[in-house]
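Working notes, beginning with the structure itself.
For the single chain, residues carry numbers from 1 onward in sequence order. Keep in mind the model is a prediction, meaning the values are calculated, not measured.
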Amino acid sequence: MKQHILSLAALLCLADAFQVRPAPIIRSSLHRLHSAEAKTDINELNSEAAINDAENLVQTNGENKKAATKRKMELTWCNADACHETIREKVVGDHNHMELTAPATGQVAYSFVDDTSSTSANGEGALYSPAVLILVKPDDEDLVPMAVEVIEQLLEYGVQIMVDSIFREKLRNFENIDLDSEMIRHFDPKPVPGFGSGKQLLSPSEDDVTNNSNGEDQQHSADLSDADLIVTLGGDGTIMYASHVFSGPVPPILPVAGGSMGFLTPFAREEMLEAILIALGLKEVTPDENDGDDDKDSHDNKNGLTISQRANNNMHIEASSFSGYSDREPLAFGNNNKICISMRMRFDCRIFGSDGSLRARYTVLNEVVIDRGSSPYLASLECFCDDVHLTTVQADGIIFATPTGSTAYSMAAGGSVVHPAVPAIMVTPICPHVLSFRSMVFPDHVVLRCYVPSDARSTACVHFDGKHRTELSRGDSVQIEMSPHPVPTINRVDHSADWLSSLKSNFNFNTRVRQKKISTTSVSD
């Protein structure tokens with residue numbers, strides 16, 4: 001009996017030491033023991049032995065608690081293959097506090113760190129001649145004379161010119177262009193092994209690799225890796241064509257407006273030559289050059305941000321801003337030899353047959369669309385994210401868009417407009433037959449997959465940037481993931497200013513009559 005009483009007393013002491021309210025059953029049990037043992041001295045309940053035992057136990061636990069330290073925590077990035085060291089997440093301090101070292105994205109800029117001269121075999125310095133691939137919108141003859149004028153001036157600077165077969169034939173009409181010159185090289189897109197469909201997917205045939213040009217053209221032919229810069233003179237479709245040609249690594253693209261809308265083309269035709277020279281590092285721009293009156297249309301509003309879109313009918317778009325914005329001048333093109341670029345994310349897309357075989361593979365700049373095609377039935381798809389079931393699609397179709405493609409078909413279908421620097425994958429349904437299916441945004445590291453189930457009423461169709469229409473039979477699937485090779489497009493100002501300028505000038509983004517301020521005229525009582 002005494003042992004039970006001592007144990008209960010020790011529990012009460014522990015509760016008092018840790019400032020914890022003891023359970024009522026402990027006090028009631030101790031009271032019953034007091035009544036049963038009337039002959040037991042009440043002082044024995046609070047005997048020194050019991051109290052000392054409890055205090056010793058508390059003291060021992062306290063010392064162990066002080067001596068123990070937290071285990072150090074580490075963070076890693078993991079995917080289906082392996083885990084890697086984190087880039088911007090870290091653990092600091094003894095208490096494993098998690099912090100971010102930097103934003104996930106930022107303004108990317110390039111500059112040339114090496115000299116333009118290299119040493120030849122005999123020890124003499126040989127001047128490196130950069131190569132520019134010029135892609136001109138094929139169905140606009142008004143752009144050809146302008147491109148010819150720029151080519152003539154680039155040749156004077158010692159710049160090699162790369163042209164495709166279609167544009168090369170048009171150049172034969174200009175006597176001042178010597179097509180036999182070593183400085184004008186013939187470029188024809190060749191199939192990239194591992195991309196395309198059918199036999200081309202495995203390895204390009206000899207007929208595909210060998211161009212149809214004559215011997216002189218073969219002598220001065222150029223490869224994909226020879227271009228230091230791509231100049232697109234046309235609209236957004238010309239940029240998408242360049243993305244299709246370069247399924248792997250893509251050189252910087254200078255987009256010059258020559259189409260109808262030109263959402264991705266911030267440069268005007270009259271500034272094409274100067275922009276090419278600056279982009280190649282052949283012309284230096286100092287900040288003082290941008291302080292004169294000539295650049296007044298770029299940023300001259302000291303009370304806010306003024307964005308110039310000279311490529312679109314000299315339209316000026318002024319946006320009032322908070323006072324802190326005036327402290328930050330917009331980046332000028334080519335300042336301090338820094339060229340701002342937008343790293344436009346692309347998709348690496350694959351079509352698999354019902355037996356698991358690879359049927360086709362394409363790179364996509366804008367979007368992948370899976371729809372019902374010509375079928376009168378709704379498209380039926382089972383979609384997964386990293387092999388976890390995402391949803392069952394019963395709709396006219398579904399759109400997988402890049403940030404660049406978020407202002408195309410996805411926006412028309414109700415999807416969000418996303419900044420081109422955001423690493424994300426947009427999933428937007430097309431007329432879903434349910435109220436709860438809304439547009440979603442996924443991180444760029446996930447792998448998305450959709451397949452046509454065996455009980456689907458009909459087949460489906462898939463399109464890649466509006467091309468390569470392929471029918472999906474029951475059991476076929478489409479896999480979509482981030483491509484390791486983005487499309488770097490050169491900014492006229494920076495990636496945010498160019499993007500917002502295009503939104504406002506092309507889509508009249510959030511344009512309405514501004515409300516007048518409330519009159520300060522006093523109203524009589």
Side-chain angles (χ1 to χ4, degrees), residues 107-120 125-136 143 146-164 167 171 177 181-187 220 222-234 238-239 242-243 245-246 249-258 264-287 289-290 295 298 311 331-344 486-495 498:
Q107 175 65 67
V108 181
Y110 77 84
S111 60
F112 294 98
V113 295
D114 296 328
D115 248 353
T116 55
S117 61
S118 59
T119 305
S120 60
L127 184 64
Y128 172 73
S129 179
V132 175
L133 171 61
I134 298 181
L135 300 176
V136 183
L143 299 177
M146 185 176 302
V148 170
E149 181 180 352
V150 172
I151 289 175
E152 291 177 353
Q153 299 180 65
L154 288 177
L155 291 175
E156 294 179 0
Y157 279 92
V159 177
Q160 301 180 62
I161 304 299
M162 300 167 57
V163 294
D164 58 14
F167 187 56
L171 291 180
I177 299 296
S181 172
E182 295 181 356
M183 299 298 292
I184 299 181
R185 306 174 64 183
H186 180 233
F187 172 84
H220 305 309
D223 200 0
L224 290 176
S225 59
D226 294 339
D228 298 297
L229 179 70
I230 302 175
V231 178
T232 60
L233 181 56
T238 312
I239 300 178
S243 172
V245 171
F246 290 83
V250 186
I253 296 179
L254 182 72
V256 181
L264 304 178
T265 55
F267 290 92
R269 306 175 192 180
E270 59 268 19
E271 59 189 1
M272 178 167 57
L273 175 63
E274 183 181 8
I276 293 174
L277 296 177
I278 295 175
L280 291 174
L282 300 179
K283 180 178 181 181
E284 294 185 359
V285 177
T286 60
E289 295 184 22
N290 296 298
D295 196 55
S298 294
L331 297 175
F333 178 66
N335 263 2
N336 300 319
N337 297 323
K338 299 288 186 182
I339 309 297
C340 294
I341 57 177
S342 292
M343 302 293 284
R344 299 188 178 276
V487 174
T489 58
I490 297 177
N491 303 134
R492 192 176 184 275
V493 182
D494 58 42
H495 59 186
D498 287 4

So, taking the atom named [atom1] in [X] and the one named [atom2] in [Y], what distance separates them when rounded to the nearest 0.5 Å?
X      : Y      : atom1 : atom2 : value
Glu182 : Gln160 : CD    : CD    : 9.0 Å
Tyr110 : Met343 : OH    : CE    : 12.0 Å
Leu264 : Ile239 : CG    : CD1   : 4.5 Å
Phe167 : Ile161 : CZ    : CD1   : 9.5 Å
Ile276 : Leu154 : CD1   : CG    : 5.0 Å
Thr232 : Leu254 : OG1   : CG    : 7.0 Å

(request) List for me each residue that meets side-chain contact (heavy atoms from CB on, under 4.5 Å) alongside Ser342, sequence neighbours excluded, and say none if there are none. (result) Arg344, Thr489, Asn491, His495
(message) The criterion is side-chain contact (heavy atoms from CB on, under 4.5 Å); which residues satisfy it with Tyr157, sequence neighbours excluded?
(response) Val159, Leu277
For [Y], is there any backbone N or O sitting under 3.5 Å from a side-chain donor or acceptor partner on [X]?
X      : Y      : value
Glu274 : Glu271 : no
Gln107 : Cys340 : no
Arg269 : Val256 : no

Non-hydrogen side-chain atoms of [X] and [Y] separated by less than 4.5 Å:
X      : Y      : answer
Leu135 : Asp164 : yes
Asp228 : Phe112 : no
Val136 : Val163 : no
Leu233 : Ile134 : no

Non-hydrogen atoms of [X] and [Y] that approach each other most closely:
X      : Y      : value
Ala279 : Ile490 : CB-CD1, 3.8 Å
Leu143 : Gly234 : CD1-CA, 4.4 Å
Lys338 : Ala109 : CB-CB, 4.4 Å
Asp498 : Val493 : OD1-N, 3.2 Å
Pro488 : Pro251 : CG-O, 3.7 Å
Pro252 : Leu229 : O-CD1, 3.3 Å

(request) Show your reasoning for whether side chain to side chain contact (heavy atoms under 4.5 Å, CB included) applies to Ile230 and Phe246. (result) CA-CA 11 Å; Ile230 302 175; Phe246 290 83; 3.4 Å; yes
